Amino acid sequence: SDCYDLVIVGAGVSGMLVLDAFQPKSQENAVVDPTFSGSDLGVKWGPIKSNTSAKQVRDALRSVPRFASDASLELDAYRDAEHVPLHVFASDVGRLAAPLLDAAECIIDKIVKIEHKESEFILYSADHGEIYSRRIVLCTGATPKMLDISRPTIPLEIAFEPVRLKRIVKPGDCITIFGCSHSGILAIKNAH
């Protein structure tokens with residue numbers, strides 16, 4: 001069976017940045033995503049404002065060599081110090097990364113299991129069966145993860161809304177937040 005050099009699971013912002021990083025080095029790339037709809041960051045969490053300024057996000061995008069074109073960004077409509085809704089950032093990354101996706105094989109599917117045997121990974125997909133790859137990168141960051149920690153869990157949607165969170169978390173309650181990315185920082189801010 002064919003074996004890809006690299007399979008990226010998730011076609012959101014992180015997946016596209018990883019694809020950019022590996023594109024010149026890997027000719028046999030595949031990206032697996034259930035929808036290729038622009039990631040949860042843009043679709044599900046889109047209205048939430050970034051915890052970085054428009055200038056910081058613009059500068060970060062322009063630092064990516066293939067993204068440093070003169071193409072206009074939706075981000076250009078925002079003042080430097082303004083905090084931008086996540087769907088704007090996700091949309092810009094999706095548009096800039098479109099040529100990279102054209103050069104990779106796009107598999108619309110969901111990975112349900114991964115195994116490593118000898119020098120390759122076997123990714124089991126829901127509809128396409130087995131996908132073989134020498135390297136994989138999991139970019140499923142915006143999808144909430146459930147851990148069996150034998151404690152009640154607060155859905156991310158509630159952690160993002162201070163009014164709803166206040167109904168659940170009372171002063172003096174002990175809570176644990178996993179992850180210090182954008183979502184973790186917002187959850188910490190709202191819990192505080």
Side-chain angles (χ1 to χ4, degrees), residues 8-19 31-61 64 67 73-98 101 108-114 123 125-127 136-192:
I8 298 169
V9 180
V13 170
S14 297
M16 294 305 91
L17 293 173
V18 168
L19 184 59
V31 180
V32 181
D33 192 272
T35 64
F36 284 90
S37 64
S39 83
D40 282 348
L41 193 65
V43 177
K44 189 171 184 180
W45 311 115
I48 294 173
K49 291 195 175 181
S50 171
N51 59 357
T52 52
S53 71
K55 181 180 181 341
Q56 290 171 305
V57 176
R58 261 194 309 274
D59 290 349
L61 278 182
V64 177
F67 292 179
L73 301 172
E74 286 183 54
L75 283 164
D76 294 336
Y78 292 84
R79 294 183 316 274
D80 283 354
E82 197 171 355
H83 292 268
V84 180
L86 293 174
H87 69 84
V88 172
F89 172 55
S91 173
D92 280 342
V93 170
R95 204 168 25 80
L96 292 170
L101 276 177
I108 299 173
D109 208 340
K110 181 178 181 180
I111 300 301
V112 294
K113 180 180 174 183
I114 299 173
L123 294 88
S125 68
D127 298 324
I136 61 171
V137 179
L138 302 176
C139 297
T140 58
T143 305
K145 312 297 185 291
M146 296 302 293
L147 301 173
D148 183 8
I149 58 171
S150 304
R151 300 196 68 183
T153 343
I154 299 169
L156 201 51
E157 293 88 353
I158 292 175
F160 282 163
E161 296 185 36
V163 173
R164 291 175 67 193
L165 185 62
K166 193 173 184 176
R167 291 184 205 136
I168 295 172
V169 178
K170 304 297 178 211
D173 284 355
C174 179
I175 62 170
T176 303
I177 296 173
F178 292 93
C180 287
S181 63
H182 184 267
S183 300
I185 298 301
L186 283 177
I188 289 167
K189 177 184 171 199
N190 292 342
H192 179 68

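Keep in mind it's a predicted model, so treat the numbers as computed, not measured.
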**Message:** Return the CG to CD1 distance between D127 and I108, rounded to the nearest 0.5 Å.
**Reply:** 10.5 Å
**Request:** Specify the closest pair of heavy atoms between A11 and V31, including all atoms of both residues, with the distance to one decimal.
**Result:** CB-CG1, 3.8 Å
**Message:** To the closest 0.5 Å, what do you measure between CG (D59) and CG (D80)?
**Reply:** 8.0 Å
**Item:** P47 side chain reached by F160 side chain, heavy atoms, under 4.5 Å
**Value:** no
**Prompt:** What heavy-atom pair brings C139 and I8 nearest, and what distance separates the two atoms?
**Reply:** SG-CG2, 4.1 Å
**Fill in**
Closest non-hydrogen atoms of L73 and R95, given as atom of the first, atom of the second and distance, are CA-NH2, 3.7 Å
**Request:** Give the intermediate values and the outcome of side chain to side chain contact (heavy atoms under 4.5 Å, CB included) for residues V32 and L123.
**Result:** CA-CA 10 Å; V32 181; L123 294 88; 5.6 Å; no
**Request:** Taking D92 for its side chain and F89 for its backbone only, find out whether a donor-acceptor pair lies under 3.5 Å.
**Result:** no
**Student check: side-chain heavy atoms of V9 and I136 closer than 4.5 Å** = no
**Request:** Over all heavy atoms of both residues, which pair between R164 and E157 is shortest? Give the atoms and the distance, please.
**Result:** NH1-O, 4.3 Å
**Message:** Between H83 (side chain only) and T52 (backbone N and O only), is there a donor and an acceptor less than 3.5 Å apart?
**Reply:** yes
**Item:** Nearest-0.5 Å distance that lies between atom CD in E161 and atom CD1 in I168
**Value:** 10.5 Å
**Item:** Euclidean distance, L96 CG relative to S91 OG, rounded to 0.5 Å
**Value:** 9.0 Å
**Prompt:** Is there a side-chain contact between L138 and I114, using heavy atoms and a 4.5 Å cut-off?
**Reply:** yes
**Prompt:** Taking all atoms of both residues into account, what is the closest heavy-atom pair of L101 and F36, and its distance?
**Reply:** CD2-CE2, 4.0 Å
**Complete:** Output for pair (D109 CG, T35 OG1), nearest 0.5 Å, gives 12.0 Å
**Prompt:** So how far is it from S53 OG to R58 CZ, rounded to the nearest 0.5 Å?
**Reply:** 7.5 Å
**Complete:** Between M16 and V93 the two heavy atoms that sit nearest each other are CB-CG1, 3.9 Å
